[in-house]
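Read through the structure below, which is laid out as structure tokens, and then see the notes.
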Amino acid sequence: MALRGPLSRLLRFTLSSCKQNRSHSVAILGAPFSKGQKRRGVEHGPKAIRDAGLVERLSNLDYAVHDFGDLTFKHLEKDEHFMHVPFPRTVGRANQLLSGAVSGAVGAGHTCIMLGGDHSLAIGSVEGHAQQCPDLCLIWVDAHADVNTPLTSPSGNLHGQSVAFLLKDLQNKMPEVPGFSWMKPFLSARDLVYIGLRDVDPGEHIILKTLGIQYFSMRDIDRMGIQRVMEVTLDHLLARKRRPIHLSFDIDAFDPSLAPATGTPVNGGLTYREGIYVTEEIHNTGLLSVMDVVEVNPTLGATPEALEATTSLAVDVIASALGQTREGAHIIRKSGLLVLYRASKRTQ
Ligand SMILES: NC(=[NH2+])NCCC[C@H](N)C(=O)O
Ligand SMILES: [Mn+2]
Ligand SMILES: [Mn+2]
């Protein structure tokens, strides 16, 4: 597992503190990895999202954009199933590498955008973020809860189990999966909120209920409206104290009519406006520290248009999480400084 030049340089430059107010510099980390599930193609996600114009869009938002390229993941030869879980050591090693890269980027003061790859990558991404920011909170936007343990998982796929590896509260329910001895669970159930759920396995439902995890299913969004959902989400996570946000955004949270190029689509997902509202509100906290965008699988777009819709949607949610507004913005002079004026910030 080797690192490319700029990334290895980044890793050497780590600071221990976690800044509360994120800088105006963004690190992009590509994670072309697909072994957390059985459909190949999702490893081409980072290239497809870059090709949809990501760097240019973020530069237009006035960020210093540092694209650190793609990590290089190796498939381990001797990697037998663990129970019915495929490629445990390969997934474990990939996440260990990614964890170091995310920790390096956050430590160097960047807001970090991790482009997947499948959602098993959130294990390393959140773990690396927590190395720098132990008090982080996690917003998981997804059709799925991804909180199966190897014992509850119907598929065995690790992309459906990422959250179980993170949660302290599940420690005694998790067997020792080979490839993951480098990490320990660190997240409390109360530091996590789900948005967009609509395909939750029975074992996952037991976990959500017994741990009292705050979640908003698509039915909750229908009932409460996305504005109230975000109000309760941010209140739940930030009312006691302001702290860094990790946003893990699975593109299958969106309705498949908007994001068809993904491996496990589920009908009845977020509308474009609901998804963008989620990221706008997260941006407005000023606390976004790391964002994952995962499960874009370019080989599953039935037509070039279907693929284009999915990748440009991925770019839109990233830009929105980083401050692109629908109402517009302009530069003003304030005590001798030029500052970007966004009217939506007035209501904070
Ligand atoms: N990251 C995802 N798209 N996860 C889909 C998970 C589907 C199912 N719950 C499973 O455990 O296999
Ligand atoms: Mn999903
Ligand atoms: Mn997911």
Side-chain angles (χ1 to χ4, degrees), residues 22 26-31 42 45-61 63 65 67 111-119 121-122 125 138-144 146 193-198 216 218 221 226-227 229-230 233-234 245-263 265-266 269-298 301 306-327 329 342 344:
R22 308 310 304 169
V26 172
I28 299 175
L29 288 176
V42 71
K47 179 175 176 352
I49 297 171
R50 284 195 184 89
D51 288 350
L54 177 64
V55 173
E56 201 190 351
R57 278 284 284 288
L58 301 187
S59 304
N60 289 343
L61 287 175
Y63 281 98
V65 182
D67 188 348
T111 303
C112 182
I113 305 296
M114 190 283 281
L115 306 176
D118 72 62
H119 216 167
L121 292 163
S125 179
L138 176 59
I139 303 180
W140 195 276
V141 184
D142 202 327
H144 310 93
D146 295 345
V193 176
Y194 286 104
I195 298 172
L197 301 184
R198 58 195 182 276
F216 298 100
M218 287 311 301
I221 296 173
I226 197 68
Q227 185 270 337
V229 164
M230 287 313 292
T233 296
L234 296 174
I245 297 175
H246 189 113
L247 169 60
S248 207
F249 205 116
D250 186 327
I251 204 73
D252 72 27
F254 278 109
D255 193 79
S257 58
L258 300 167
T262 192
V266 190
L270 295 176
T271 64
Y272 184 93
R273 283 160 58 177
E274 287 164 342
I276 294 294
Y277 187 80
V278 169
T279 46
E280 282 173 345
E281 285 298 287
I282 290 172
H283 172 78
N284 285 344
T285 65
L287 294 167
L288 179 66
S289 178
V290 177
M291 176 179 188
D292 313 319
V293 178
V294 295
E295 300 285 350
V296 172
N297 186 334
L307 172 58
E308 210 271 324
T310 312
T311 55
S312 78
L313 183 59
V315 172
D316 285 353
V317 284
I318 297 169
S320 162
L322 290 172
Q324 179 163 306
T325 66
R326 286 180 282 182
E327 66 157 79
R342 297 188 180 93
S344 55

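We're numbering straight along the sequence, starting at 1.
Between the side chain of Tyr63 and the main chain of Leu322, a donor-acceptor pair closer than 3.5 Å is present.
Between Trp140 and His119, the two ring planes are parallel [angle under 30°; tilted spans 30° to 60°].
For the pair Leu61 and Val26, the minimum side-chain heavy-atom distance is 4.5 Å or more. For the pair Ser125/Val290, a side-chain contact is recorded, criterion being any heavy-atom separation below 4.5 Å from C-beta on. Val294 has its side chain within reach of Met114: a pair of non-hydrogen atoms, C-beta onward, lies under 4.5 Å apart. In this structure the side chain of Ile276 reaches within 4.5 angstrom of the side chain of Val317, judged on heavy atoms. Side chains of Ile139 and Leu234 form a contact here, defined as non-hydrogen atoms less than 4.5 Å apart. Side-chain contact between Ser248 and Asp142 is absent, with no heavy atoms from C-beta onward closer than 4.5 Å. Val141 has its side chain within reach of Leu270: a pair of non-hydrogen atoms, C-beta onward, lies under 4.5 Å apart.
The line from CD1 of Ile318 to CG of Leu54 is 4.5 Å long, rounded to the nearest 0.5 Å. For the atom pair SG (Cys112) and CD1 (Ile28), the distance works out to 9.5 Å, reported to the nearest 0.5 Å. The line from CD1 of Ile221 to CD1 of Ile226 is 4.0 Å long, rounded to the nearest 0.5 Å. Atoms CG and CG, from Asp118 and Asn297 in turn, are 10.0 Å apart once rounded to the nearest 0.5 Å. Interatomic distance, CD1 of Ile245 versus CE of Met291, reported as 11.5 Å (0.5 Å rounding). Residue Ile282 holds its CD1 atom at 6.0 Å from CD1 of Ile195, rounded to the nearest 0.5 Å.
Nearest approach of Asp255 to Ser257, heavy atoms of both residues: OD2-OG, 2.6 Å. The nearest pair of heavy atoms linking Thr279 to Ser320 is OG1-OG, 2.7 Å. Minimum interatomic distance between Pro298 and Leu307 (heavy atoms only, all atoms of both residues): CA-CD1, 3.4 Å. In terms of heavy-atom proximity, Gly117 sits nearest to Pro46 at N-CD, 3.9 Å.
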**Study point:** Candidate pair Thr311 and Asp51, rule side chain to side chain contact (heavy atoms under 4.5 Å, CB included), full reasoning
**Key:** CA-CA 8 Å; Thr311 55; Asp51 288 350; over 6 Å; no
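Contacts of Thr233 classified as side-chain hydrogen bond (donor to acceptor under 3.5 Å, both in side chains), with partners at least two apart in sequence or in another chain: none. Considering only residues two or more places apart in sequence or on other chains, Asp252 meets the side-chain hydrogen bond (donor to acceptor under 3.5 Å, both in side chains) condition with His144, Thr264. With sequence neighbours excluded, the residues that form a side chain to side chain contact (heavy atoms under 4.5 Å, CB included) with Ala259 are Ile251, Phe254, Thr310, Leu313. Looking at residues two or more places apart in sequence or on another chain, you find a side chain to side chain contact (heavy atoms under 4.5 Å, CB included) between Ser312 and Glu308.
Annotation: salt bridge (charged side-chain N to carboxylate O under 4.0 Å, His left out) contacts involving residues 310-322, sequence neighbours excluded, comprise Arg57-Asp316. Residue pairs meeting the salt bridge (charged side-chain N to carboxylate O under 4.0 Å, His left out) criterion with at least one member in residues 274-296, sequence neighbours excluded, are Glu280-Arg326.
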